[in-house]
Structure formats: C-alpha cells, structure tokens
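Written out below as structure tokens is the structure these notes cover.
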2 protein chains.
Amino acid sequence: MPTKKKPQVTAAAARRGELLGTAAEVFAEHGYNATTVRRIADHAGILAGSLYYHFDSKESMLEEILRTFLDELWDGYDTVLASRLGPRETLEALVTESFREIDRHRAAVAIYQKESRQLVTQDRFAFLAESQRRFEKAWLSTLERGVAERVFRADLDLRLTYRFVRDTVWVAASWYRPGGKHSPEEIARQYLSMVLDGIAVRE
Amino acid sequence: MPTKKKPQVTAAAARRGELLGTAAEVFAEHGYNATTVRRIADHAGILAGSLYYHFDSKESMLEEILRTFLDELWDGYDTVLASRLGPRETLEALVTESFREIDRHRAAVAIYQKESRQLVTQDRFAFLAESQRRFEKAWLSTLERGVAERVFRADLDLRLTYRFVRDTVWVAASWYRPGGKHSPEEIARQYLSMVLDGIAVRE
DNA sequence: TAATCTACCAAACACTTGTTAGGGAAGGGT
DNA sequence: ACCCTTCCCTAACAAGTGTTTGGTAGATTA
C-alpha cells in the first residue's frame, strides 16, 4: 500500500494549474495559433519539451483551459437558473454572473471569444457547441418569458436581441482588466442600465 | 511613348482586387495566422508562389485589405461628421453607416476585429492605432455633446458607454451574413432602438 | 515574324513549428 | 546505502511555413 501518495498528486495538480494559467495568458495575449509552446515555456521559466511532462499536447492545454472555464461558468449559471427568478431578475443575475466570470477567467474568456468559432468544428471541442446551445436556450427563454410577462418589449427581433445582449456582455473581456476602477458588479450594473433602459433620456 | 498601357494596369488591378477578396475571405474564416498562403492560392486556383507575382508578402495582403476597408469607412464617417447633425442623429447615422460597412466589407471587418489588437503594436500597422484614436474621438465627442444637450443620460460612465456602443456595433460582423433576411439598415434600426431606448418595457 | 510582357508553374530554400527520446539532478522512502 | 519517483534539460526529428529563383505558355506589341 503506497504511503504519502496524496501530497504528490496535489502538488502535481497545483503545478499543472500554474502552467495552465500562464498558458492561458499567453494564448489570450497573442492568440492560440500565434503562440508557440516555446513562448509558453519561456513565460513559465522552463523549456518547451518540459511542458510535455505535464500535458499531452498544445491542444490539450487549450482544451483544459476552456473546459475549466465553462464548467465554472455553468456552475454559476445553473445556480441562477435554478432560483426561478422573474425574467428581468434572471437577466440581471446572468449578466452579473457573466461579469464575475470575466473577472475570474478573463484569459479563458478572451481565448473563447477569439477561437471558439474555429474550434467548434473539431470533434475534440464539441463541448463548445453544446455549451453554446445551452447558452442560447437559457438566454432566449429568459427573453421570451420577459416578453410574455410584458417586462421586455415585444417589438424586437428576439434572436437579434439575444445576440445583442450576449455580445455586449462577453466582448467586455477584450478590454476588461481586473483590479481596475470598476468592480465586476459595478460594470454589470452600468451595462444592465444601458441594455434595459437605453442611453437616451426619457421624456 | 508606350501605347495600350492602361488596359493592362487596370486588368492587373482587377486581378489584384480579386485575389485580395479571396484572401480576405480565407483570413476571416480561419484567422490570419492559421491561414497559409497555399490555402489562399488553392482558393484562387493558382499555386502559392504565384501570389508573389502580385504581392510582396502575406503581411502586405493583410495590410492592403485593412487599409482599403478603413479608407472607405472613414469616407462614410467623415461625410456623416461633416453634416453637423445633432448628437442623437449623428449617433444614428454613424451606427447605420457602420452596418453598411459591415455589409460591404464583412470579411475585412471580421479580420479587423480579430487581429487588430496584436497588429497595432507593429510599425507597419500603425495606421490602425491612428484610426482607433479618431474613432474614439468621433464617438466620445458625440456622446459628450448628447449629454450636454440632455438627449443622452448623464448618469453613465461615458467611456464605458463608448465601448458598449462600439462593441455592440462591430461584433455584429462575426455573425452577419449579407443577403440575410435583415438589411443593414433594418439591423441598424433595431440596434439603435435597443441602445437608445433599452429592451425593458416603459411604464 | 520576332521581341516583349504578363501571369503563372515547378521546385526548392531556410526557418519555425509541435513533439519525442534519453538522460540526469534532487529528494524522499525504505 | 540504495532505489524510485518527480520534474526538468538536451538534442534532435519530421512536417509545415513564407518566400525565392528560374522557367514558360500565351497573348501583346513592334
């Protein structure tokens, strides 16, 4: 029976996570394709070949980064959706949760934004397509409920509205920097104010 | 004195434009870095080396694609800005003009969206940074005028609002397909309706 | 008809890429 | 003292990259 096995595996997992973190940042900064494994290794203070002690391939690093992010994202989303709030409150909670995820996983979100379109076609990244379907379903049904309950406008193309709301939230990852003057919650509040009430003065 | 010189140069320019068009589409679909010159050549029905009869390098193709797009974009923007409309009408005209540009140059816009962040640091693409500065100035001043004239809300962070409006417009290039059921003007109308008045029902 | 030019091909170049194989230093376990 | 695992390095590989060179069929010009 092996003694003292657990300490090593957690240490290994910690190192793994550390390397994935630096890889995510380099991917986010230069793009996946333009990022060489040597550059990731440089950033981590080791040599390129050494990465292959921890990971099977460059692609598997990308996969693990995106999987980890999406898993945590859906943890938050599912909690919101399970609360069975009204449509407006659901939308507010989803947006706020999204900005929190951007705060926590900004590199992964940036990568997702830039690369997901081309990745979804690969079998390996089929989970991205499934996530997108769930995503669209969650948002669209919230919007539909809102229209039915007369809290959202009925004169808008809902699919267009969905893309509008989705994009306005996630593109923020391209300029957001954690530790800035706005907290995720504050940014969410302003975004919601614009999306819900518009930027024009009411008369 | 050379006779019959002009027909050739216009034919050459036409071929150039043709090749730039296919290059732009491949760039937009797979990303600049992931696009090989061989794939562009395949798409055009020639061999990779033959591209170098028309262009200096892969990078110069990218530069010409983006320059052409930005030149036409600013033609439209400058016309709008020169009209000296009120802030709300200026915003409406700029948004509408943007969607028309997306309709005309959707490949170039998609490339710009995905690659500009990394390109601006290169000397060769310094014109992107200049364009971004003019862009921010045009939009921000319009928003500021709107706040001063009490047609836009005064309680919003203007820089956040600027990024919001900017992003909501341009990310549309990632899903917009010309010839769809919505014309650029119709999409602009719906976007403006959401941005100006919000998606919530007014009470 | 001969000369020239246009737009392409064929084949190679130098370089970078992701990845692999073998080795070795450090350190805890027995 | 020895072994074994962990984590990294050194050095190389094969495939793919952007680009160059020399050549050539066919149209255009003189």
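Keep in mind that the numbers below use all heavy atoms, side chains included, and drop hydrogens, waters and symmetry copies. Chain letters run A, B, ... following the sequence lines, proteins first and then strands; every chain starts at 1. The model shown is predicted, which means the values in this text are computed figures rather than measured ones.
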Item checked: OP1 or OP2 of C/dC9 under 4.0 Å from side-chain N/O of B/Ser50 -> yes

Notebook entry, point to check: Atom CG of A/Leu47 and atom P of C/dG18: how far apart are they, to the nearest Å?
Noted result: 15 Å

Margin query: By the 4.0 Å heavy-atom rule, please label A/Thr36 as base, sugar-phosphate, or nothing.
Written below: sugar-phosphate

Next item on the list: Find the distance A/Ile46:CD1 to D/dC7:P and express it as a whole number of Å.
Entry: 11 Å

Next item on the list: Examine C/dT6: is either OP1 or OP2 under 4.0 Å from a nitrogen or oxygen in the side chain of B/His54? Give yes or no.
Entry: no

Margin query: Counting distance alone, no hydrogens or angles: does the base of D/dG16 have a donor or acceptor under 3.5 Å from a partner atom on the side chain of B/Arg38?
Written below: no

Notebook entry, point to check: Whole Å only: how far is the OH atom of A/Tyr32 from the P atom of C/dT17?
Noted result: 13 Å

Checklist line | Value in whole Å for how far the P atom of D/dC7 lies from CG of A/Leu19 | finding: 10 Å

Notebook entry, point to check: Are any of A/Tyr53's side-chain N or O atoms less than 4.0 Å away from OP1 or OP2 of D/dC7?
Noted result: yes

Checklist line | Pair A/Ser98, A/Tyr77: side-chain N/O donor-acceptor within cut-off below 3.5 Å | finding: yes

Next item on the list: Have a look at A/Ser60 and say if it touches a base, only the backbone sugar-phosphate, or nothing, with a 4.0 Å heavy-atom cut-off.
Entry: nothing

Check: Which nucleotide in the list C/dT19, D/dT19, C/dC9 gets nearest to the side chain of B/Ser57?
Finding: D/dT19

Margin query: With a cut-off of less than 4.0 Å, is there a side-chain N or O of B/Arg15 near OP1 or OP2 of C/dT6?
Written below: no

Notebook entry, point to check: Distance check: side-chain N/O of A/Tyr52 vs OP1/OP2 of C/dT20, anything under 4.0 Å?
Noted result: no

